[in-house]
Amino acid sequence: MAEAIKVPTMAEFMAQGKTPEVLFWVGCAGSFDDRAKKITKAFVKLLAKAGVEFAVLGTEESCTGDPAKRAGNEFLFQMQAVTNIEVLNGYEVKKIVTACPHCFNTIANEYPGLGGTYEVLHHTQFLKSLISEGRLTVEGGKYKGKRITFHDPCYLARANRIYEAPRDLLAKLEVELVEMKRCKTKGFCCGAGGAQMFKEPEPGNKDVNIERTEQALETKPEIIAAGCPFCNTMMTDGVKNKERESEIEVLDIAEMIAAADDL
Amino acid sequence: MEYLPNILFTLALAAGVGFFVFNCRKLIRNIKLGRDENRSDNKPQRFKNMAKIALGQYKMVRRPVSGIIHVLVYLGFVIINIEVLEIIIDGIFGTHRIFSFLGSFYDFLIAVFEVFALLVLVGVIIFWIRRNLLHIRRFINKELKGWPKLDANLILYFEVVLMLLFLTMNAADLSLQLRGADHYAQASGVVGAFPVSQFIAPLFENMDTASVIMIERAAWWIHILGILVFLNYLYYSKHLHILLAFPNTYFARLKPQGEFDNLEAVTNEVKLMMDPDADPYAMPEEGSADDVPAKFGASEATDLSWAQLLNAYTCTECGRCTSECPAHQTGKKLSPRRIMMATRDRIEDIGKNIDANKGEFKEDGKQLLDDYITREELWACTTCNACVEACPVGINPLSIIMDMRQYLVMEQSAAPSDLNNAMTNIENNAAPWPFNQMDRANWINEI
Ligand code: HEM
Ligand code: SF4
Ligand code: SF4
């Protein structure tokens with residue numbers, strides 16, 4: 001469909017003596033996980049469409065250290081952080097956008113104390129600003145009027161008080177947004193945070209993602225919208241567990257905007 | 001002999017207040033067993049939080065039923081305490097309603113006190129019904145079995161008895177004023193307005209004056225002694241929150257909930273490692289041995305900061321945190337309320353140990369980790385901050401969980417094995433999965 005999109009690295013920009021408008025921090029999930037890579041690609045297409053001069057770190061990026069810190073390994077976290085900050089400061093990065101709330105939270109809140117201060121945006125915030133600057137136009141398209149519920153990622157919502165940017169984008173898509181009982185400040189975790197993604201759950205009577213999926217299904221949605229690659233995986237698994245994957249999609253908001261535009 | 005009641009009262013007052021001060025000092029000493037942490041920045045914001053969350057009960061009313069009833073009980077308590085001031089002065093000097101010179105304003109005050117006493121009475125009865133008859137999940141969790149449940153009910157019984165005594169005292173007083181009894185009747189007529197106890201007063205109409213005086217005196221004495229006992233009960237109870245809610249909301253964390261503090265000792269070590277000029281064999285500089293903490297994270301209550309210990313003493317055991325916790329709601333053992341209760345139990349045990357051993361802690365073969373809080377609880381947390389958000393008195397159970405995880409991983413390498421794998425991956429491949437870092441940008445070619 002579209003011609004190949006070029007994704008330049010910081011190193012390439014540097015070689016030409018230029019600096020991009022923004023650094024796209026892809027994150028581990030966005031780089032390696034097959035489901036999350038689709039989000040990465042959708043977001044890149046939107047950046048390209050809006051004519052944003054962006055770059056990625058490519059193979060110079062490494063884990064922010066969020067799972068290590070939340071697992072309790074402060075040492076490994078700070079090693080990761082200092083390594084990343086050295087790279088970022090080396091490229092004189094000023095502005096970072098990421099589609100992962102965990103990367104967002106870590107870089108925005110925990111890197112400044114270690115010498116890395118940047119303007120950090122979640123991709124929903126960045127997309128919103130592109131739209132309000134008129135650089136990107138969004139129309140409902142295939143999502144117009146669809147019943148959609150939005151799952152607040154803990155590290156975006158409660159942790160950083162960002163509730164409106166994703167909802168504003170959904171409004172632009174002209175969807176019918178139905179909120180779960182537990183949303184915004186009272187949002188219920190998908191079960192992946194705090195490094196739970198990488199371990200077996202403790203004994204209990206249910207997995208957290210199943211509970212959250214049930215809460216989402218109560219709203220009778222056609223689509224469950226997410227803003228985090230980990231939430232996305234957890235909710236996708238939950239919907240599969242309930243054998244509803246043929247009717248209900250779990251989509252990142254960036255994917256929805258890209259798809260609405262047939263990108 | 002005439003002054004005997006005044007003297008007895010003054011002694012009781014001194015004993016009650018004295019023992020309270022004694023316990024407060026113990027409380028402060030215990031809290032200071034925690035490690036240092038700076039919570040004195042941004043004072044205007046801190047005052048604002050205290051005004052909003054404690055004084056203004058801002059988060060309480062997120063649960064409208066218990067929230068609004070609590071506002072009534074809380075307001076009633078604060079307002080009725082103005083009357084306690086008069087009671088104390090009357091007690092010391094043997095006067096009768098010393099503030100009655102305020103005239104109609106006094107009538108208004110007494111009327112307000114009476115209305116609030118009735119509201120508190122009704123509120124507390126509803127609290128009791130919610131706690132004991134309705135099956136509200138946060139009140140029947142297993143961590144509330146035993147003393148915590150008894151404690152919760154005792155508080156309510158105390159309040160009921162105090163309010164009934166207050167109204168009885170007023171009713172008898174009114175009856176005595178009406179019949180012109182010595183000491184009670186004043187030249188200006190009846191002082192005070194009694195919108196509630198006027199309905200109790202008729203009960204005394206047919207009694208002789210001496211009996212009514214006895215009832216009035218008994219109610220007066222039991223009421224004020226009850227208040228003194230209640231004051232001293234606080235330290236042993238979750239009811240301590242009526243005092244500590246204020247400092248606790250003042251000293252609560254101001255940073256975004258997602259921001260977890262960076263350990264400075266680790267920062268220094270990492271900087272040294274990353275610095276190509278650093279000499280790894282260099283002798284540590286003078287005094288730098290103090291910079292490296294004896295241990296990372298917390299395995300004992302005294303490894304926590306004073307602010308976290310203040311949190312533990314402030315906890316009202318309301319369970320709002322636990323009822324929002326995704327781990328708890330899916331049947332895991334973790335309950336953030338229990339984390340706070342266990343921390344308070346441990347620091348109390350440490351305090352008692354110190355008292356019993358002449359000011360010096362004697363090893364008791366126990367610690368916060370494992371003996372009070374299990375690893376299974378700690379590892380079940382998703383760090384979602386729902387508990388922090390829910391707490392109406394500004395407590396952060398998550399920070400204790402994180403400090404204890406830090407101890408497990410950094411001091412004991414005791415993470416669950418899957419997590420160890422993920423961390424090894426981060427160390428070797430810069431991602432929590434076993435992928436090669438050189439493949440990180442492969443997605444670019446897949447667009
Ligand atoms: C200063 C006077 C206060 C009084 C007399 C008072 C009284 C009470 C009483 C009687 C209860 C027991 C309710 C039950 O059994 O369910 C209670 C619970 C509680 N109080 Fe207070 N309180 C005071 C101040 C505060 C303050 C300043 C706060 C902070 C916002 C607070 C927060 C709570 C909470 C969270 C509970 C747990 C019960 C629930 O969630 O319903 N209290 N209080
Ligand atoms: S942060 Fe941990 S303890 Fe608190 S509600 Fe979330 S999972 Fe439960
Ligand atoms: S920590 Fe806060 S929310 Fe939880 S039981 Fe204690 S007072 Fe209630």
Side-chain angles (χ1 to χ4, degrees), chain A residues 4-5 7 9 28 31-32 37 40-41 44-45 56 58-59 61-63 65 67-76 78-80 82 86 105 109-110 113-114 154-155 158-161 185-189 191-208 211-212, chain B residues 255-260 262-263 266-267 269-271 273-274 296-297 324 326-327 329-334 376 379-386 388-390 402 404-410 415-416 418-419 421-423 426-427 430-433 435 437-444 446-447:
Chain A
I5 292 169
V7 181
T9 61
C28 297
S31 303
F32 289 120
K37 277 199 273 188
T40 305
K41 291 170 198 167
V44 161
K45 285 176 190 166
V56 297
T59 55
E61 186 185 285
S62 51
C63 175
K69 188 174 180 89
R70 269 93 195 143
N73 196 337
E74 179 73 9
F75 191 77
L76 180 55
Q78 291 204 15
M79 290 293 286
Q80 289 301 117
V82 170
E86 234 168 51
N105 177 70
N109 291 325
E110 291 162 2
L114 301 170
C154 300
Y155 275 88
R158 249 191 316 271
N160 289 293
R161 297 289 188 244
T185 52
K186 283 177 77 87
F188 192 87
C189 178
Q196 296 292 341
M197 185 77 190
F198 308 102
K199 63 182 266 297
E200 287 302 314
E202 275 54 42
N205 52 32
K206 208 188 255 181
D207 282 343
V208 175
E211 171 68 27
R212 184 53 165 170
Chain B
K255 295 174 191 157
Q257 286 174 6
E259 176 177 349
F260 295 10
N262 295 328
L263 272 188
V266 174
T267 310
E269 214 168 308
V270 168
K271 288 233 166 94
M273 280 183 62
M274 305 288 284
F296 295 112
E324 305 273 326
Q329 290 310 299
T330 53
K332 275 91 184 168
K333 198 175 162 199
L334 171 63
E376 182 181 335
W379 287 117
C381 174
T382 72
T383 72
C384 73
N385 266 304
V388 180
E389 181 69 33
M402 277 315 304
M404 294 184 76
R405 274 192 187 179
Q406 233 165 38
Y407 173 82
L408 283 174
V409 172
M410 297 182 72
D418 299 335
L419 269 189
N421 290 340
M423 290 190 281
I426 294 176
E427 219 173 313
W433 299 288
F435 294 114
Q437 187 167 14
M438 284 304 129
D439 294 335
R440 208 175 172 97
N442 288 1
W443 61 270
I444 293 176
E446 298 164 12
I447 296 181

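Numbers restart at 1 for each chain; the letters A, B, ... are given by sequence-line order, proteins then strands.
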Geometric class of the A:Y155/B:F260 ring pair [parallel <30°, tilted 30-60°, perpendicular >60°]: tilted
Main-chain N/O of B:V270 paired with A:Q78 side-chain donor or acceptor, under 3.5 Å: no
Picking from B:A386, B:P416, B:A422, B:A441, which has the most non-hydrogen pairs under 4.5 angstrom with chain A? B:A386
Short side-chain to backbone donor-acceptor contact, A:R158 and B:Q257, under 3.5 Å: no
Whether A:R212 side chain and A:G191 backbone form a donor-acceptor pair below 3.5 Å: no
With a 4.5 angstrom heavy-atom cut-off, is it the side chain or the backbone of A:F75 that approaches chain B, or both, or neither? both
Among B:E427, B:E376, B:E324, B:M404, residue most engaged with chain A (heavy-atom pairs, under 4.5 Å): B:E324
Is chain A contacted by the side chain of B:W379, its backbone, both, or neither, given a heavy-atom distance below 4.5 Å? both
Whether the side chain of A:E202 engages the backbone of B:G331 through a donor-acceptor N/O pair (distance < 3.5 Å, no angle test) should be reported. no
Please round to the nearest 0.5 Å and tell me the distance separating atom CZ of A:F32 and atom CZ of B:F435. 6.5 Å
If you count heavy-atom pairs within less than 4.5 Å of chain A, which of B:P432, B:A327, B:G258, B:G297 leads? B:G258
OG1 of A:T9 to CD1 of B:I444: how many Å apart, nearest 0.5 Å? 7.5 Å
Check whether any side-chain N or O of B:T383 sits under 3.5 Å from a backbone N or O of A:G194 as a donor-acceptor pair, and report yes or no. yes
Heavy-atom distances under 4.5 Å only: say whether A:E211 touches chain B with side chain, backbone, both or neither. side chain
Atom group of B:D439 that falls short of 4.5 Å from chain A, counting heavy atoms: both
Selection from A:V56, A:V44, A:L114 maximising heavy-atom pairs under 4.5 Å formed with chain B: A:L114
Using heavy-atom distances under 4.5 Å, tell me whether A:N105 contacts chain B through its side chain, its backbone, both, or neither. side chain
Does any backbone or side-chain atom of A:Q196 lie under 4.5 Å from a heavy atom of chain B? Answer side chain, backbone, both or neither. side chain
Under a 4.5 Å heavy-atom cut-off, does chain B meet the side chain of A:E74, its backbone, both or neither? both
Between chain A and each of B:I447, B:N442, B:V266, count heavy-atom pairs under 4.5 Å; write down the option with the most. B:V266
Between A:E110, A:E200, A:K186, the one whose heavy-atom pairs under 4.5 Å with chain B are most numerous: A:E110
With distance as the sole test, does B:N385 use its side chain to make a donor-acceptor pair with the main-chain N or O of A:A159 at under 3.5 Å? no
Considering only heavy atoms and a distance below 4.5 Å, find which of A:C189, A:P67, A:S62 pairs most often with chain B. A:S62
Could you tell me which portion of A:F198 (side chain, backbone, both or neither) has an atom closer than 4.5 angstrom to a non-hydrogen atom of chain B? both
Heavy-atom cut-off 4.5 Å, strictly under: side chain, backbone, both or neither for B:L408 against chain A? neither
Chain B contacts, top residue of A:E86, A:K37, A:K69, A:R70 (heavy-atom pairs, under 4.5 Å): A:R70
Examine whether an atom of A:K199 lies under 4.5 Å from a heavy atom of chain B, and if so say whether it belongs to the side chain, the backbone or both; otherwise answer neither. both
Verdict with reasoning, A:R161 to B:E389, per salt bridge (Lys or Arg N to Asp or Glu O under 4.0 Å): CA-CA 11 Å; A:R161 297 289 188 244; B:E389 181 69 33; 2.8 Å; yes
Among A:A71, A:A195, A:C154, which residue forms the greatest number of heavy-atom pairs with chain B at distances under 4.5 Å? A:A71
Quick one: does any side-chain atom of B:K332 pair with a main-chain N or O of A:K206 as donor and acceptor, under 3.5 Å? yes
Most heavy-atom pairs under 4.5 Å with chain A, out of B:V409, B:L419, B:T382, belong to B:T382
Flag, side chain of B:R440 to backbone of B:A431, donor-acceptor distance under 3.5 Å: no
